[in-house]
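From a predicted model like this one, the values you see are computed outputs, not experimental measurements. Just so we're on the same page: letters track the sequence lines, and every chain starts at 1.
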Amino acid sequence: MPTFRAPRGTRDLLPLERAAFIRLERIGAELANRYGYRPIETPLFEQVGVFERGVGAVTDIVEKELFRLAPRTEDGETWALRPEPTAGIVRAYVQHGMQTLPQPVKLTMTGPMFRYDRPQAGRYREFWQFDIEAIGDPGPAIDAEVIELATRFYREAGVVDPEINLNSIGDAACRPAYIAELAEFYRGQIDRLPALERDRLERSPLRLLDSKDAVMVELNATAPAITDRLCDACAEHFAGVRAHLDALGVGYRLDPHLVRGLDYYTRTAFEIYPRGVAGQQSALGGGGRYDGLVELLGGKPTPGIGFGLGLDRILLALEAQGTPPVSEPGYAAVVVGADPAGTADRLKIATMLRAAGLVARAELGQRKLGKQLESAAKERAHFALIVGDELRDGQVQLKDLEAGTQKLVAVDDLVRELERAQASHHHGSGR
RNA sequence: GUGGCCUUAGCUCAAUGGUAGAGCACUGGAUUGUGGCUCCAGCGGUUGCGGGUUCGACCCCCGUAGGCCACCCCA
């Protein structure tokens, strides 16, 4: 048994899984760049106030899932690991006076987030998110663009047919009245409410809307819908978002019961699920508009919208739909030889190949040639270069491990020979 | 945070309360400069951990840790 292991809810990304993550990170970085989002990196931890004010003090994320770090006596400050990216990015926007830049300021970040949750498949205490934020544009066109970017990420990552769930949750002008009406509605049914929901009714009536309890689902069918209670400005904004999505040909499903778990959202809210999956740990991403957040964190009143997308969840979805994981990169050539004293020669040849940009490995051990070739074949190396007596004439045996053929090649011609083989090989396999 | 199921070699899994095993993987040999197959051998375990019951515990009981499932909630 190992003496130490990865902390609960965390895991090591072994090479195969790490490669899959890198692929997603590249898709995200390239996509964000194409849309004009600039990369940013904020600290993994912030003052707790950033999250308490930014995310909301009464949210589950802050109340029970925040990774708080013990205060240190020298500064007395309380820190917490970031549970989501938006609050930190907005904090940076305010701190660095980004309101003086042309608006909107479009930023992207990919990295680990931390929530002290009870782990389950697809739910970790350390998980990775790709995130974009557009700060300073009141929309609604930017809302549609952000959602369209999200759908494009899934498409390029290979997720089949993700489903966008869309709603508008109003703003300070219309939401309070709606919440009051909703609470009134539930109080009229108080004897039918499960105990858990009665508790939440006083603290966060909106949350009852997306309950999965059978009684609540039935009750919610007749509950007042926010989309019927939006003020004129919010209704007009929401109509604009839908019109732009329609114009872009982005499909979505209206879900008047969709509410987000973070306080800062206003108006547009959306979540993405794999099609037909209502499972609990399956949300692929979500986001929305946060027109009050910049001000909450000490900036001038500034609108914003963004979304975060779970890399772990995407990998899970790809696996569930049967998409094969990324394959291990193979060696273009493995340099082998029977002479125990020949490691320097083998290493020199491998170095020459690497300098030319080829993926190569040299046998540095004392194994017999048969074992060396066995390893090379198992690694799916394309070629083995057998270094031996021929080297006196500046030549090595170039053995094609897939075709089983081999020929003498001058060391000076190796790079050209391997590059040519690689090119035609890729042609042949339709790449 | 609540309830439930699970935990044996690196991986996937066996083993009436009575000597802990197999396949895969890894290393070596058969094969002194020619591979994936085959054959042989080796390496690898305080049966998650800590207690208890018993002449004797992988097996039964309690606790604990971790994983998973459903909640809660979200990515």
Symbol by symbol from the 5' end, with Watson-Crick or G-U pairs under 3.5 Å, [ ] crossing and | another strand, RNA chain B is (((((((..((((....[..)))).(((((.......))))).....(((((..]....))))))))))))....

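- In this structure, a donor-acceptor pair under 3.5 Å is present between the side chains of A:N220 and A:Y186.
- Side-chain atoms of A:E390 come within donor-acceptor range of the base of B:rG33, with a qualifying N/O pair under 3.5 Å.
- Per the geometry, NZ belonging to A:K378 stands 7 Å off P belonging to B:rA25, to the nearest Å.
- Counting to the nearest Å, the C1' atom of B:rA75 and the CZ atom of A:R11 are 11 Å from each other.
- Counting non-hydrogen atoms under 4.0 angstrom, A:G285 reaches the backbone sugars and phosphates but no base.
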Report, one line per pair, each donor and acceptor closer than 3.5 Å where one atom sits in a side chain of residues 6-15 of chain A; sequence neighbours left out.
residue: A:T10; atom: OG1; partner: A:P7; partner atom: O; Å: 2.7
residue: A:R11; atom: NH1; partner: A:E126; partner atom: O; Å: 3.4
residue: A:R11; atom: NH1; partner: A:D312; partner atom: OD2; Å: 3.4
residue: A:R11; atom: NH2; partner: A:D312; partner atom: OD2; Å: 2.3

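- Contacts between residues 303-312 of chain A and RNA chain B, counted as heavy-atom distances below 4.0 Å, involve A:G310.
- Judged by atom type and distance alone, A:R123 reaches the base of B:rC72 through a side-chain donor-acceptor pair under 3.5 Å.
- The base of B:rU34 sits with one of its N or O atoms less than 3.5 Å from a complementary donor or acceptor on the side chain of A:Q406.
- Using a 4.0 Å heavy-atom criterion, one finds that A:G337 contacts no nucleic acid atom at all.
- In this structure, A:R207 reaches the B:rC74 phosphate: one of its side-chain N or O atoms is under 4.0 Å from OP1 or OP2.
- Looking at heavy-atom distances under 4.0 Å, A:K368 makes contact with sugar-phosphate atoms alone, never a base.
- Counting any heavy atom pair closer than 4.0 Å across all strands shown, A:G365 reaches no nucleic acid atom.
- Contacts of A:D339 with the nucleic acid, taken as non-hydrogen atoms under 4.0 Å apart, are absent.
- Taking 3.5 Å as the limit, the base of B:rA75 and the side chain of A:R115 contain a donor-acceptor pair of atoms between them.
- Summarising the geometry, the separation between CG on A:L316 and P on B:rG67 is reported as 15 Å, rounded to the nearest angstrom.
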